[in-house]
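Just below is one structure, and these are the notes that go with it.
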Protein chains: 2
Amino acid sequence: MQPPKRSRTATRARLLEGALDVFAERGFAGASVEDICDRAGFTRGAFYSNFASKDELVLALFQATTDRLLEQIEALLPELASQPGTLLDAVLGLLDETAPDQRQWHLISTEFTLHALRNPEAARALNEQRAMFRASLTRLVAEISATSGVRFSVPPEQFVRLVIALHEGARSQSLLEPAEVPAGSLEHTFLPMVLDAVSRPSH
Amino acid sequence: MQPPKRSRTATRARLLEGALDVFAERGFAGASVEDICDRAGFTRGAFYSNFASKDELVLALFQATTDRLLEQIEALLPELASQPGTLLDAVLGLLDETAPDQRQWHLISTEFTLHALRNPEAARALNEQRAMFRASLTRLVAEISATSGVRFSVPPEQFVRLVIALHEGARSQSLLEPAEVPAGSLEHTFLPMVLDAVSRPSH
DNA sequence: TGTATTCAATACAGAACTGTATCCTACTCT
DNA sequence: AGAGTAGGATACAGTTCTGTATTGAATACA
């Protein structure tokens with residue numbers, strides 16, 4: 001069974017891709033279905049042939065983005081864990097490399113977070129994804145700290161939560177004032193202090 | 001010249017108040033002018049008699065909220081600076097007391113931040129407001145650290161940026177998972193470590 | 001080669017939204 | 001009391017949006 005020349009999955013993918021761009025530009029509620037279709041080079045007919053509604057698109061988009069993100073992380077993990085370098089470089093590197101376009105990713109994920117804060121179903125999906133994300137980071141932290149013989153005085157997941165919170169808050173400032181707050185500056189000046197405070201050599 | 005029974009400024013205020021609620025519930029683009037008017041107990045006629053457009057309302061709302069916020073801060077500053085207590089308690093207390101309804105304030109300010117990231121004019125206004133906000137916090141930090149005889153190894157404003165970034169990132173997590181991340185927990189476990197690392201007794 | 005099916009384009013209906021123009025009411029001031 | 005005016009309600013026009021129904025083209029299959 002050969003795939004038809006115009007494959008269904010390909011147009012779905014292009015629609016999702018277009019939605020990502022348009023949502024980043026105009027926000028979730030501000031983007032019309034037609035905007036998304038124009039961006040993808042289709043008409044609304046194609047859209048409603050692939051998605052039941054705009055809401056369904058949002059969840060599908062989130063799931064697709066999430067899946068890709070988690071795949072990337074799993075691919076990067078062994079490399080980062082084995083390579084020499086500090087724990088912080090590995091963790092912050094992972095946060096950055098999984099989101100090559102910082103600005104777009106920040107807009108999209110913040111938008112979706114707001115959506116989740118108003119929509120229980122979206123909240124469940126988001127929390128699930130974030131839990132897996134934290135789990136990956138926590139594993140990375142655990143491995144590196146184990147090989148370098150360091151024990152934490154706080155649960156590693158708590159530390160991961162801190163890193164994520166600071167990273168997201170700092171990214172907001174960096175995007176608003178790129179000149180005053182270079183990307184990563186807050187993390188790189190303060191996280192080493194925390195790491196030093198919570199870590200102590202094992203034995 | 002007595003003010004008319006239906007004062008212009010009062011309806012403006014009620015419209016702004018309604019806009020705050022509705023924007024928090026449905027987002028900026030998701031809220032219609034009619035929604036806002038219904039909430040405030042007026043019709044669109046009153047709205048367009050007070051604002052030129054929905055966009056103008058957003059800026060006005062931001063300015064009004066900002067003004068009130070800065071007033072509150074200025075009122076709280078002397079009290080916090082003089083009262084006994086740790087520097088962190090004062091700073092975090094200020095952050096919390098200026099936003100009694102954490103959830104609504106987070107939704108609104110995040111929404112406006114996204115708006116600013118797509119709209120240079122809004123970005124200017126937002127950055128200006130945030131700069132004044134940081135200035136207040138920085139002054140508070142400077143006063144308390146001076147009276148307690150502590151010097152910082154980093155610029156105090158940098159430290160304030162850290163506190164804000166962490167606070168905002170942590171608030172997002174707390175709202176998404178209230179049970180797992182109690183409000184303020186990340187700040188209270190990690191900020192003391194940073195404070196300890198950056199401060200040293202003067203002389 | 002002819003038929004059936006799948007997918008996207010087009011045309012359309014109904015709703016909602018913004019913004020305007022007009023009307024009405026209530027207050028002010030003389 | 002009566003004229004003038006300010007502020008808000010109502011009605012309306014024009015646009016835009018979502019979602020559906022129909023049509024057309026291309027592919028699979030017999």
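Values in this document were obtained by computation on a predicted structure and should not be read as measured data. Chain letters run A, B, ... following the sequence lines, proteins first and then strands; every chain starts at 1.
The nearest whole Å value for the distance from the CZ atom in B:Arg12 to the P atom in D:dA6 is 17 Å. If you measure from atom CG of A:Leu57 to atom C1' of D:dC17, you get 15 Å, rounded to the nearest angstrom. Rounded to whole Å, atom P of D:dT18 lies 15 Å from atom CD of A:Glu56. If you measure from atom CG of A:Asp38 to atom C1' of D:dC17, you get 13 Å, rounded to the nearest angstrom. Going from atom CZ of B:Phe42 over to atom P of C:dC24 covers 21 Å, rounded to whole Å.
Under the side-chain hydrogen bond (donor to acceptor under 3.5 Å, both in side chains) criterion, B:Glu187 pairs with no residue at all, not counting sequence neighbours. With sequence neighbours left out, B:Phe133 forms a ring pair (Phe, Tyr, Trp, His ring centres under 6.0 Å) with no residue at all.
Looking at every heavy atom in both residues, B:Ile144 comes nearest to B:Ala90 through CD1-CB, 3.5 Å.
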Let's go through B:Arg161 and A:Glu177 carefully: what are the C-alpha distance in whole Å and the side-chain angles of both, what is the deciding distance for salt bridge (Lys or Arg N to Asp or Glu O under 4.0 Å) to 0.1 Å, and is it a yes or a no?
CA-CA 12 Å; B:Arg161 280 195 186 271; A:Glu177 304 174 280; 3.1 Å; yes
Check the pair A:Asp55 / A:Phe28 against side-chain contact (heavy atoms from CB on, under 4.5 Å), numbers first and verdict last.
CA-CA 10 Å; A:Asp55 278 359; A:Phe28 170 43; 4.0 Å; yes
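Look at A:Ser49 and you won't find any side-chain N or O under 4.0 angstrom from OP1 or OP2 of C:dC7. Side-chain N/O atoms of A:Asn50 include none lying less than 4.0 angstrom from OP1 or OP2 on C:dC7. Listed pair B:Thr11 / D:dG7 fails the phosphate criterion, with no side-chain N or O lying under 4.0 Å from OP1 or OP2.
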Can you name the atoms? Protein N/O to nucleotides 12-19 of chain C N/O, anything below 3.5 Å, with the distance.
unit_1: C:dC12; atom_1: N4; unit_2: A:Arg44; atom_2: NH2; d: 3.2
unit_1: C:dT18; atom_1: OP1; unit_2: B:Val33; atom_2: N; d: 3.0
unit_1: C:dT18; atom_1: OP2; unit_2: B:Val33; atom_2: N; d: 3.1
unit_1: C:dG19; atom_1: OP2; unit_2: B:Tyr48; atom_2: OH; d: 2.7
unit_1: C:dG19; atom_1: O6; unit_2: B:Arg44; atom_2: NH2; d: 2.6

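More than 12 heavy atoms of other shown residues, nucleotides or ligands fall within 6.0 angstrom of atom CZ in B:Arg134.
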